[in-house]
Amino acid sequence: MSESGPGATSTYAAAGVDIEAGDRAVELMKEWVKKASRPEVVGGLGGFAGLFDASALARYRRPLLASATDGVGTKVDIARRMGVYDTIGRDLVGMVVDDLVVCGAEPLFMTDYICVGKVYPERVAAIVKGIAEGCTLAGCALVGGETAEHPGLLGADDFDVAGAGTGVVEADQVLGADRIRTGDAVIAMASSGLHSNGYSLVRHVLFDRVGWALDREVPELGRTLGEELLEPTRIYSLDCLALTRTTEVHAFSHITGGGLANNLARVIPEGLRAVVDRSTWTPGAIFQLVGEAGSVERLELEKTLNMGVGMMAVVPADSVDVALTTLADRGVEAWVGGEITERTAGDTEAVTLTGDHAG
């Protein structure tokens with residue numbers, strides 16, 4: 001009798017789910033997860049839940065837990081097309097932990113969720129390797145995760161990743177709009193490229209409109225298009241925490257989907273505005289390429305892409321020198337990109353971009 005006949009025995013494997021491959025993936029990822037740990041982590045990989053020793057929070061007077069969750073969007077399509085899976089995890093970590101640090105929280109731990117059409121153990125392990133490396137760069141632990149196989153819903157090569165993180169901040173040290181004052185300086189920190197936002201626009205322009213291939217050598221980029229598009233997201237959490245230890249910081253803004261103005265506006269209080277001068281920096285070549293290749297207007301680029309700025313800090317004017325020195329010592333390119341002013345009557349915009357980019 002045929003296995004597909006009416007009397008055939010149904011199995012999970014026949015439905016497309018390979019439990020043995022999943023077990024193999026877990027074994028392969030264990031070495032990477034071990035490297036992304038902290039002293040507070042209790043137990044190892046394989047439990048139903050990750051354990052974190054909360055007694056470590058006893059040193060706080062009033063600890064507030066911060067949480068964030070995110071994915072990396074359609075950047076996963078670039079990883080899939082290139083067959084490169086060990087960097088996308090760093091993007092995931094950056095998207096999560098740098099949201100946590102905006103309020104001044106120290107990232108403590110993360111969990112991940114990897115959804116695939118078919119479990120290829122080496123591929124899943126490579127993704128987790130990137131996540132573990134990202135957690136190490138962020139100073140947090142990877143305490144657990146889930147790999148789900150969804151045959152019939154996803155193609156065999158399709159996958160997506162998501163993650164959630166938890167951090168802690170002292171209640172009276174929470175950063176945000178209530179701390180910002182007129183005369184504060186806005187410090188911009190350079191991005192490593194597109195990071196993990198705006199890839200739907202980028203893919204539409206470079207693949208659909210102009211038909212570029214990922215292995216295309218692009219002189220302006222100094223490498224192939226695919227290498228540029230897979231450049232991992234810069235992780236700023238430890239850099240931002242270093243700033244809070246060395247000088248006064250009023251607020252941070254993580255520049256992600258929505259662009260610089262929209263994200264910075266989220267931390268600007270009513271009655272004030274941030275004036276950011278474009279002439280203080282030159283966006284990387286990839287931003288100009290997307291704009292020119294797709295005839296994308298500047299306003300559309302600025303509300304979609306980070307335009308070369310991945311994180312911003314609002315600090316008192318007398319903290320600028322220390323802040324810039326701290327960031328330079330940590331290898332972060334940073335500059336004064338603007339200032340906080342009074343908002344004029346009738347002005348509803350919390351952020352104003354002025355001037356033109358240098359170069």
Side-chain angles (χ1 to χ4, degrees), residues 3-4 10-36 44-50 68-97 109-136 138 140-165 194-197 199-200 202-203 207 214 226-227 229-233 235 257:
E3 290 187 2
S4 61
S10 297
T11 65
Y12 212 11
V17 177
D18 190 338
I19 295 176
E20 291 183 358
D23 291 341
R24 170 66 176 156
V26 171
E27 287 300 316
L28 290 175
M29 69 177 70
K30 279 184 177 179
E31 65 171 295
W32 300 111
V33 176
K34 286 180 182 178
K35 296 178 181 180
L45 188 66
F48 285 91
T69 185
D70 210 337
V72 299
T74 58
K75 189 171 184 176
V76 297
D77 181 58
I78 309 300
R80 181 187 62 80
R81 291 193 188 195
M82 293 188 66
V84 176
Y85 303 100
D86 61 352
T87 63
I88 203 76
R90 286 172 57 183
D91 294 288
L92 177 64
V93 175
M95 290 297 99
V96 173
V97 300
F109 57 83
M110 273 192 67
T111 57
D112 63 65
Y113 178 77
I114 303 171
C115 182
V116 301
K118 178 177 175 59
V119 172
Y120 297 102
E122 289 75 15
R123 180 181 301 178
V124 172
I127 295 171
V128 173
K129 172 179 179 286
I131 297 173
E133 289 175 341
C135 286
T136 300
C140 68
L142 180 60
V143 297
E146 173 73 9
T147 300
E149 194 170 23
H150 288 179
L153 294 181
L154 297 176
D157 288 333
D158 294 335
F159 75 98
D160 200 4
V161 296
L194 294 167
H195 284 185
S196 299
N197 302 104
Y199 273 75
S200 293
V202 172
R203 290 163 55 248
F207 300 159
L214 286 168
E227 289 169 336
L229 297 185
L230 265 195
E231 178 67 34
T233 299
I235 297 174

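One is the number of the first residue; the rest follow in order along the sequence.
With a 4.5 Å cut-off on side-chain heavy atoms, Leu154 and Val116 do not count as touching. Proximity of Arg80 to Asp158: side-chain heavy atoms (C-beta onward) are separated by under 4.5 Å at one or more points. Put simply, the side chain of Leu229 does not reach to within 4.5 Å of the side chain of Arg203, judged on heavy atoms. No side-chain heavy atom of Val76 sits under 4.5 Å from any side-chain heavy atom of Ile78.
Residues Phe159 and Ala79 approach most closely at CZ-CB, 4.1 Å, considering heavy atoms. What you find for Ala156 and Tyr120 is that their closest heavy atoms are O-CE1, 3.4 Å. Closest of all the heavy-atom pairs between Pro232 and Thr87 is CG-CB, 4.0 Å.
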Evaluate the side chain to side chain contact (heavy atoms under 4.5 Å, CB included) criterion for residues Ile114 and Val128: first the C-alpha distance (whole Å), next the side-chain angles of each, then the deciding distance (0.1 Å), finally the verdict.
CA-CA 9 Å; Ile114 303 171; Val128 173; 3.7 Å; yes
Mind running side chain to side chain contact (heavy atoms under 4.5 Å, CB included) on Arg123 and Asp157 for me, showing each step along the way?
CA-CA 10 Å; Arg123 180 181 301 178; Asp157 288 333; 3.5 Å; yes
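Proximity of a side-chain donor or acceptor of Thr69 to a complementary backbone N or O of Gly163 within less than 3.5 Å is detected. Remark: the backbone N or O of Val72 is not paired with any side-chain donor or acceptor of Tyr199 at under 3.5 angstrom. In this structure, Lys75 contributes its side chain and His195 its backbone to a donor-acceptor pair below 3.5 Å.
Screening Thr74, Leu92, Asp91 against Ser196 for a side chain to side chain contact (heavy atoms under 4.5 Å, CB included) leaves a single residue, Asp91. Considering Val96, Leu142, Val143 in turn, Leu142 is the only one that fulfils the side chain to side chain contact (heavy atoms under 4.5 Å, CB included) rule with Cys135.
If you take CG on Leu230 and CD1 on Ile88, they are separated by 6.0 Å, rounding to the nearest 0.5 Å.
Every residue meeting the side-chain contact (heavy atoms from CB on, under 4.5 Å) condition with Ala138, not counting sequence neighbours, appears here in chain and number order: Val93, Val97, Cys140, Ile235, Ser237.
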